[in-house]
Amino acid sequence: MAVPTVALSSPKLAYAPGELIEVTVDHADTDRATLVVTSVVTDSTGASGTGSLTIEVDQGRVTISSTPAKTWTLKSATAGRSVYTTTA
Amino acid sequence: MDAEVRHRRPFGLHHHGVSTLAVTAKVTDSTGQVGTGTLSLTITDPTPPVALGHWRNRAGDTGLAWRQRFDAAEAQFGPFAGHWRDYLGPGSNGQPSAAHKQALLDGRRIFFNWKPWLSGQSWATVGNGSRNTVITAAAQAWQAAIDAAVAAGWPRAGMVWLAPGHEPENDEGAAGSGMTPADWIAMQRQVASIFAAQAPDVRIVWVCMGFEPTNSARFWPGADAVHYVGLDPYERAPDPAWQMAERIISRSTTLRQILPGAAAMPVVIAEWGPDLGGDMNPYPTGDRGTDQHRADAITGVRTRLAEVTAAGVVELDYFDARTDGLTDTGPDALAYLALKTATES
């Protein structure tokens, strides 16, 4: 069971007061995986029906904070990347 | 001395009108394990005060250690709100010396240029990761020195600045030399990345010559790798004194306009002086102008401080060395003292 790796970046490192700050959180975990479980049911006539279920293993939960404290808004998120914004 | 200096010095948590926003993100997986990442941003006051920093290595300073030269400078002008400058050349391990650490413990700020490659190596050597171990050790050592000074009661913000190399326009080489703009950019980004991870309190200053801003802009590594735009404007003894201020203002303004993402970025005049050159003989035999020429150039900057501020400049680091060196009691020294007072009032 691995510890998640986290890297933060921003389009620039200096902002003026009132400007929109954007911070991207890229994260990964070697345990992370996507499992697709597929079930096939075949009746006596040979006809079959299929169902599937996608399971995310070890999906990371992202939180962001700052000093001084600010209100951060989640702009977008994928399995390995969350983008947050706040006001400088 | 320290208590008095600490009381008198005009800095605070919002040094130069620049404050720090420390961002932390945590990722928790299903087993409860937590990964953490950090990022340190700067928030710039739109009308910050200008601080005066200093480099001293006068012709008469031969034999004096770095600290002794700055003690002499402060004995003449008083404590500086800006940074004490230093230069670590190729082959240096980039780590703070005992004198650097003591200066931080004494409440001084340090802005050092470091060429993090060995003599004979190129910018590409750094950009391709060959110097990562040395750079990482340097970053960790500076962060430890900062932490020790903070533990001694000094404000963390703005304590140490780093210029990874400087004035690339001077050293550009042909394709394949390892000294192209692309090589410089890779070097800057490599150093900035390591320091961001290992020494988040060290601020990165990108320092160009800047006399042809469009040419300098070819070396811009991107606003995501730089905290401060830096430039080194000078004039020569035969130049009109008023050009000193003009060059500071116009070049700072232009660089902020043309560098992507730098419109609101604070500017550092990392070196400046009125008598550029290496020959200490009086002009026109040599490069050293009159005491009055230096005084007029410095006064010109003082009388245009509002425009300097409007150009985004947060610190002026005078090059009190060689032909730009100030006298002990002449009109240039008096003009510099007046400029220092004006930046602190």
Side-chain angles (χ1 to χ4, degrees), chain A residues 1-35 54-88, chain B residues 13-14 16-48 156-157 189 192-193 195-197 200 203-206 221-229 256 259-268 312 314:
Chain A
M1 290 182 289
V3 176
T5 58
V6 187
L8 277 63
S9 62
S10 182
K12 55 183 186 174
L13 300 180
Y15 290 86
E19 204 175 354
L20 188 70
I21 296 175
E22 183 174 295
V23 171
T24 297
V25 182
D26 287 305
H27 54 99
D29 190 327
T30 54
D31 301 324
R32 194 174 293 169
T34 301
L35 297 181
T54 300
I55 300 172
E56 298 291 345
V57 177
D58 228 3
Q59 200 169 24
R61 182 170 54 84
V62 182
T63 59
I64 189 167
S65 61
S66 62
T67 304
K70 286 186 173 293
T71 300
W72 292 88
T73 302
L74 181 63
K75 180 181 176 185
S76 64
T78 61
R81 169 173 289 186
S82 298
V83 179
Y84 291 87
T85 60
T86 192
T87 303
Chain B
L13 289 175
H14 296 275
H16 298 154
V18 177
S19 58
T20 297
L21 182 68
V23 185
T24 302
K26 294 183 178 179
V27 177
T28 308
D29 69 12
S30 58
T31 68
Q33 296 194 96
V34 180
T36 302
T38 61
L39 180 68
S40 188
L41 303 173
T42 56
I43 311 298
T44 309
D45 190 312
T47 55
R156 186 181 296 273
R189 296 190 65 85
S193 173
F195 269 75
R203 291 298 189 239
I204 302 298
V205 187
W206 172 81
D224 60 339
V226 173
H227 292 97
Y228 294 86
V229 172
R256 291 220 301 180
L259 298 175
M265 192 170 281
V267 177
V268 176
V314 296

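Letters A, B, ... are given to chains in the order of the sequence lines, protein chains preceding strands, and every chain is numbered from 1.
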Do D31(A) and T31(B) touch side chain to side chain, with heavy atoms closer than 4.5 Å? no
Side chain proximity check, T24(B) to S66(A), heavy atoms < 4.5 angstrom: no
Against chain B, label [X] side chain, backbone, both or neither, depending on which of its atoms sit under 4.5 Å from a heavy atom there.
{"X": "S9(A)", "result": "backbone"}
{"X": "D58(A)", "result": "both"}
{"X": "V23(A)", "result": "side chain"}
{"X": "P11(A)", "result": "backbone"}
{"X": "T5(A)", "result": "neither"}
{"X": "V3(A)", "result": "both"}

Proximity breakdown for [X] and chain A, heavy-atom pairs closer than 4.5 Å:
{"X": "T36(B)", "value": "backbone"}
{"X": "A225(B)", "value": "backbone"}
{"X": "V226(B)", "value": "backbone"}

Search all heavy atoms of [X] against all heavy atoms of [Y] and return the closest pair with its distance.
{"X": "L41(B)", "Y": "S10(A)", "value": "CD2-CB, 4.1 Å"}
{"X": "A14(A)", "Y": "H227(B)", "value": "CB-O, 3.9 Å"}
{"X": "A25(B)", "Y": "L8(A)", "value": "CB-CD1, 3.7 Å"}
{"X": "A88(A)", "Y": "I43(B)", "value": "CB-CD1, 3.7 Å"}

In Å, rounded to the nearest 0.5 Å, how long is the span from CG of L13(A) to CD1 of I204(B)? 9.0 Å
Can you tell me if NZ on K26(B) sees more than 12 non-hydrogen neighbours from other groups inside 6.0 Å? no
For Q33(B) and P4(A), indicate whether the former's side chain and the latter's backbone hold a donor-acceptor pair under 3.5 Å. no
With distance as the sole test, does S30(B) use its side chain to make a donor-acceptor pair with the main-chain N or O of Q59(A) at under 3.5 Å? no
Heavy-atom pairs under 4.5 Å with chain B, option from S65(A), P68(A), G60(A) with the top count: S65(A)
Who wins among D29(A), V57(A), T63(A) for the most heavy-atom pairs under 4.5 Å with chain B? T63(A)
Only pairs of heavy atoms separated by less than 4.5 Å count here; which of A192(B), G37(B), A197(B) has the most with chain A? G37(B)
In this structure, which one of I21(A), V25(A), T67(A), I64(A) forms a side-chain contact (heavy atoms from CB on, under 4.5 Å) with V23(B)? I64(A)
